[in-house]
Amino acid sequence: MTIELITFDLDNTLWESHQVLLRATEKTNEWIDEHVPQHASLGVERLKEISDTVRRERPDIAHDVSAFRLAYMERCFQEVGIQTSHARHYARDAFAVFIHWRCQVEPYPDAKRLLAELSTSYQLASITNGNADVTRTSINEYFSFNVSAENAGAAKPSAKIFLLALELGRVSDPSRAIHVGDSLREDIEGAANAGMKTVWLDHERHQIENDATAVVNDLTDVRKAIKEIDRRSG
C-alpha cells in the first residue's frame, strides 16, 4: 500500500447541496424579513449591484464564501439605513441562521459505509470551497482533518488548498494522495496540479475527455477505484 491520504470534496460528492442551500437561504431570508423588514425594499438589480461592489472592493475575501456573505449582508443592511455597528450585528445573527441550516445535510446513502471502510486503511480528510462545517455532520468521525478555502487562503482549483491538505496529512509525496470530487475543474484539475491522483465522481455520466486517474459514476464504485489506484502505485 502506497497511498497515504484520501481527500474528499463535500458538496455533491458526499451529499447533495442544492436543496440544502435553498433551505438555508430561505430560512435566512425569513429571519431578515422579521428583524430587518426594510431589507425588502432592495430589488434584485440593487442586490446584484451591492454584491458586485463587495466583490470589487474586497478581493481579499473572494475565496471565502462566509466572509463574503457577512460583508454582503452588512452592506445590504447599511443600504437600508441601519448604522454600521448595528448592521454588522444583524449580519452576524443572520449568518448564524444561515450556517445552522447550511450544515443540515444528509449524506448520500452510501457515503457513511464508504468512509467507514476506507478509514480503516487510509487517512481521510475533506477539502471544500464551501462553508458547510463537516464537524457538525454525521460523517465527521471518519475525517482526520478538514481543509476549507477559508483556512487555506485559496479556493479550488488552486493547488494551494490541496498542498495544505498534504502538509496537514504529513504526505511528502503528492502522488501518495488521492482526491475524490465531482468537479472536473475544481477537484480533478486542481488536485492534479498539486501532484495528487484523482477520482472523478461523474454523477451525470458525461463521458467527456478528462485527465482523472479514475472515473466512477456512483459512490459505491469509489472504494474499488481507490484500491486499484493503490495497487498500481505499489
Side-chain angles (χ1 to χ4, degrees), residues 7 9-13 16-103 105 126-134 146-165 167 179 181-194:
T7 60
D9 170 54
L10 296 176
D11 287 336
N12 301 315
T13 295
E16 191 278 331
S17 67
H18 181 66
Q19 291 301 319
V20 172
L21 286 166
L22 284 179
R23 182 175 59 180
T25 300
E26 178 182 303
K27 294 294 185 180
T28 304
N29 288 340
E30 289 176 359
W31 185 94
I32 292 173
D33 288 343
E34 178 181 352
H35 294 85
V36 194
Q38 56 269 53
H39 179 270
S41 66
L42 297 174
V44 174
E45 290 187 6
R46 184 54 187 150
L47 289 172
K48 184 179 185 306
E49 290 173 356
I50 295 172
S51 175
D52 291 342
T53 298
V54 174
R55 291 184 190 282
R56 184 174 62 253
E57 294 180 353
R58 297 294 309 276
D60 57 307
I61 60 172
H63 64 280
D64 187 339
V65 291
S66 292
F68 177 82
R69 182 175 287 272
L70 278 163
Y72 166 70
M73 289 193 296
E74 182 179 338
R75 186 67 64 88
C76 288
F77 297 154
Q78 290 174 340
E79 178 79 5
V80 295
I82 296 177
Q83 294 181 355
T84 300
S85 60
H86 292 158
R88 184 170 297 116
H89 174 77
Y90 280 125
R92 289 172 179 169
D93 285 352
F95 182 76
V97 173
F98 175 84
I99 205 65
H100 167 77
W101 289 101
R102 178 71 171 92
C103 295
V105 299
S126 69
I127 301 180
T128 181
N129 284 351
N131 51 10
D133 183 355
V134 72
N146 305 288
V147 178
S148 68
E150 177 182 357
N151 57 42
K156 297 181 292 185
S158 170
K160 184 177 179 180
I161 192 170
F162 295 99
L163 293 175
L164 176 59
E167 178 184 343
H179 180 66
D182 69 300
S183 170
L184 267 183
R185 179 174 179 271
E186 293 181 358
D187 294 306
I188 305 309
E189 293 180 17
N193 288 338

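This structure is a prediction, so every number in the text was calculated from the model and none was measured. Quick note: numbers below take in every heavy atom, side chains included, and nothing from hydrogens, waters or symmetry partners.
Across all their heavy atoms, A152 and K160 have their closest contact at O-CE, 3.2 Å. Across every non-hydrogen atom of I188 and G181, the tightest pair is CD1-O, 4.3 Å. Taking every heavy atom of both residues into account, A132 and L10 meet most closely at O-CD1, 4.3 Å. I161 and S148 get closest at one heavy-atom pair: CD1-C, 3.8 Å. Of all the heavy atoms in D9 and H179, the pair that sits closest is N-CE1, 3.6 Å. The two residues F95 and S66 come nearest to each other via the heavy atoms CZ-OG, 3.4 Å.
With rounding to the nearest 0.5 angstrom, the OG1 atom of T13 is 11.0 Å from the CD1 atom of I127. Considering CD of Q83 and NE2 of H89, their distance stands at 13.5 Å, rounded to 0.5 Å. Separation of atoms CE (M73) and OG (S51) is listed at 12.5 Å; rounding is to 0.5 Å. Going from atom CH2 of W101 over to atom CD of E30 covers 9.0 Å, rounded to the nearest 0.5 Å. To the nearest 0.5 angstrom, I82 atom CD1 is 13.0 Å from R88 atom CZ. In this structure, CD on Q38 lies 10.5 Å from CG on D33, to the nearest 0.5 angstrom.
At most 12 heavy atoms of other shown residues, nucleotides or ligands fall within 6.0 angstrom of atom OH in Y90.
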Would D11 and H18 count as a side chain to side chain contact (heavy atoms under 4.5 Å, CB included) here? Give the steps. CA-CA 9 Å; D11 287 336; H18 181 66; over 6 Å; no
Please step through side chain to side chain contact (heavy atoms under 4.5 Å, CB included) for the pair L47 and Y72, ending with a clear verdict. CA-CA 9 Å; L47 289 172; Y72 166 70; 3.4 Å; yes
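Contact check for D133 versus R102: no side-chain heavy atoms found under the 4.5 Å cut-off. With contacts defined as side-chain heavy-atom distances shorter than 4.5 Å, the pair Q19/L22 qualifies. Residues C76 and L42 are in side-chain contact: their nearest non-hydrogen atoms beyond the backbone lie under 4.5 Å apart. Side-chain contact between N151 and L164 is present, with heavy atoms from C-beta onward closer than 4.5 Å. Looking only at side-chain heavy atoms (C-beta outward), R69 and V65 stay at 4.5 Å or farther from each other. A 4.5 Å side-chain heavy-atom check between I99 and N131 finds at least one atom pair inside the cut-off. Contact annotation: the side chain of N29 never approaches that of F98 to less than 4.5 Å [non-hydrogen atoms, C-beta and beyond].
Remark: of the listed residues N193, D187, N129, T128, D187 is the sole one forming a side chain to side chain donor-acceptor pair (under 3.5 Å) with K156.
Not a single ring-ring contact (aromatic ring centres under 6.0 Å, His included) links H63 to another residue, sequence neighbours left out. Remark: H35 engages W31 in a ring-ring contact (aromatic ring centres under 6.0 Å, His included) (not counting sequence neighbours).
Under a 4.0 Å N-O distance rule, the pair R58/D64 does not qualify as a salt bridge.
For residues 34-48, every residue pair satisfying the salt bridge (Lys or Arg N to Asp or Glu O under 4.0 Å) rule, not counting sequence neighbours, is listed here: R46-E49, R46-E79, K48-D52.
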